[in-house]
There are 2 protein chains.
Amino acid sequence: MAGSKLDEIDRKILAELQADGRMTNVELAKRVGISAPPCLRRVRTLEDAGYIRGYHADVSARDLGFEVQVFAMVGLVSQAEVDLSVFEGKCREWPLVRECHMLNGEVDFLLKCVAPDLSTFQSFLTEQLTSADNVASVKTSLVIRCAKDVPGVPFEILEERVRQLESGL
Amino acid sequence: MAGSKLDEIDRKILAELQADGRMTNVELAKRVGISAPPCLRRVRTLEDAGYIRGYHADVSARDLGFEVQVFAMVGLVSQAEVDLSVFEGKCREWPLVRECHMLNGEVDFLLKCVAPDLSTFQSFLTEQLTSADNVASVKTSLVIRCAKDVPGVPFEILEERVRQLESGL
DNA sequence: CGTGAAACCGTCGCCCC
DNA sequence: GGGGCGACGGTTTCACG
């Protein structure tokens, strides 16, 4: 269940497609060292098994006019499961909210938001988020700049672990 | 500079490729209502202009054995530009750190980290992050669950704004 | 931006190990 | 079980109108 059913070729396929999701299948096959048909079969299998959830173009938010990125730390009044779910449902409906993570610790949820400008975000903050039922507190932090934003997982770490497991047989 | 040089077709292309980055060019052309060659030319132009930064398969971290996701709030001793850059450089080299955002407010940086398990993360936390030069404080929060994680930007908002701008001519 | 053509690719059936 | 070969249909990507 923890990546154990994948062999080295599967992991290479995932790593390559994570790095370049538009690569042609023949190019991918060449890189992982098999021919195209089995390579495509593996990709389909990985997709169907849920290892690959989709493919997305990484668009530049800033260039598209989304100049504001904000992290919002949200505390709720009630942390009963029903109330958590209700809040999560709202987050899914708010387009400005791109990520909603439930955390341990002082704060209940961490939200990543984008907006075209500060006033758009402020409207959302006061009219939607802060005034939503069950929301006790909201603390926001503007992103000044982003030093790193890489998608997915570090396959280097995965390979390292596999090597350790194999040597420890 | 704020998405103003893009026409409606360009925005549709970006929205479609954000939703499905592996769509064939003919399918994309059909959806945006032009023929394939000009569609491909537009895609190339958008790529070259930086509106599209790349294409990535969205792989399932959990299924690959990365069971732990953590947000780390980092405070530095010195916020001089040189020292900020040095810290950002380290974040870029740490594979467990996937995102590094500089924030306003109490905390200097917010890091999103992934790890195969808690002990791997703890090692990274104590041996690398907390003990790095210039790091004053680190507060971490485990992600209990993720209610929403959509890539990119909300094109609905963009179209809404374009409509407002056009009606206000 | 569209059309046509050539090269390439995705995909299938079949054979092999 | 998985990988390779060959072939067909669709796609990418030119040059040109």
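Atoms considered below: every heavy atom in the structure, side chains included; atoms not considered: hydrogens, waters and symmetry mates. In what follows, every chain begins at residue 1, and chains take the letters A, B, ... in the order their sequences are listed.
- Legend: residues meeting side-chain contact (heavy atoms from CB on, under 4.5 Å) with A:Lys139, ordered by chain and number and at least two apart, are A:Met73, B:Glu106.
- Between the P atom of D:dT12 and the CZ atom of B:Arg42 lies a distance of 17 Å, rounded to the nearest Å.
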Give me, pair by pair, the N or O atoms of the protein and of nucleotides 15-17 of chain C that are less than 3.5 Å apart, along with how far apart they are.
none

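- When each of A:Pro38 and A:Arg22 is assigned the nucleotide of DNA chain D bearing its nearest heavy atom, the one mapping closer to the 5' terminus is A:Pro38.
- Checked against salt bridge (Lys or Arg N to Asp or Glu O under 4.0 Å), B:Glu156 has no partners two or more places apart in sequence or in another chain.
- Considering only residues two or more places apart in sequence or on other chains, B:Glu99 meets the salt bridge (Lys or Arg N to Asp or Glu O under 4.0 Å) condition with A:Lys112, B:Lys112.
- Using a 4.5 Å cut-off between side-chain heavy atoms of Ile, Leu, Val, Met, Phe, Trp and Tyr, B:Val82 forms no hydrophobic cluster with any other residue.
- Among the atoms of the strands shown, base atoms are found under 4.0 Å from some heavy atom of A:Ser35.
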A correct dot-bracket answer for DNA chain C, with pairs being Watson-Crick or G-U at under 3.5 Å, [ ] for crossing pairs and | for inter-strand pairs, is .||||||||.|||||||

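- The separation between A:Ile9 atom CD1 and D:dG1 atom P is 17 Å, rounded to whole Å.
- Checked against side-chain hydrogen bond (donor to acceptor under 3.5 Å, both in side chains), A:Arg42 has the following partners two or more places apart in sequence or in another chain: A:Asp7, A:Asp10.
- Partners of B:Glu8 by salt bridge (Lys or Arg N to Asp or Glu O under 4.0 Å), not counting sequence neighbours: none found.
- Listed nucleotides: C:dG2, C:dG10, D:dT11. Nearest to the side chain of B:Val26: D:dT11.
- Whole-Å rounding puts the A:Ile34 CD1 to D:dG2 C1' distance at 9 Å.
- At a cut-off of 3.5 Å, with distance as the only test, no side-chain donor of B:Glu127 or B:Ser131 sits close to an acceptor on the other residue.
- Distance CD (A:Glu27) to C1' (C:dG10): 15 Å, rounded to an integer number of Å.
- Every residue meeting the side-chain contact (heavy atoms from CB on, under 4.5 Å) condition with B:His56, not counting sequence neighbours, appears here in chain and number order: A:Asp58, A:Pro151.
- To the nearest 0.5 Å, the span separating OH on A:Tyr51 from CG on A:Leu6 amounts to 4.0 Å.
- Rounded to an integer number of Å, the gap from B:Met23 CE to D:dT12 P is 11 Å.
- Under the side-chain contact (heavy atoms from CB on, under 4.5 Å) criterion, B:Ala132 pairs with B:Lys90, B:Trp94, B:Val135, sequence neighbours left out.
- Rounded to an integer number of Å, the gap from A:Lys5 NZ to D:dG2 C1' is 14 Å.
- Partners of A:Arg161 by salt bridge (Lys or Arg N to Asp or Glu O under 4.0 Å), not counting sequence neighbours, listed by chain and number: B:Asp117.
- Separating the CG atom of A:Leu28 from the P atom of C:dG10 is a distance of 9 Å, rounded to the nearest angstrom.
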Please write out each protein N/O paired with an N/O of nucleotides 13-17 of chain D under 3.5 Å, distance rounded to 0.1 Å.
| residue | atom | partner | partner atom | Å |
| --- | --- | --- | --- | --- |
| D:dT13 | OP1 | B:Arg44 | NH2 | 3.4 |
| D:dT13 | OP2 | B:Arg44 | NH2 | 2.8 |

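- Counting to the nearest Å, the C1' atom of C:dC1 and the CG atom of B:Asp10 are 13 Å from each other.
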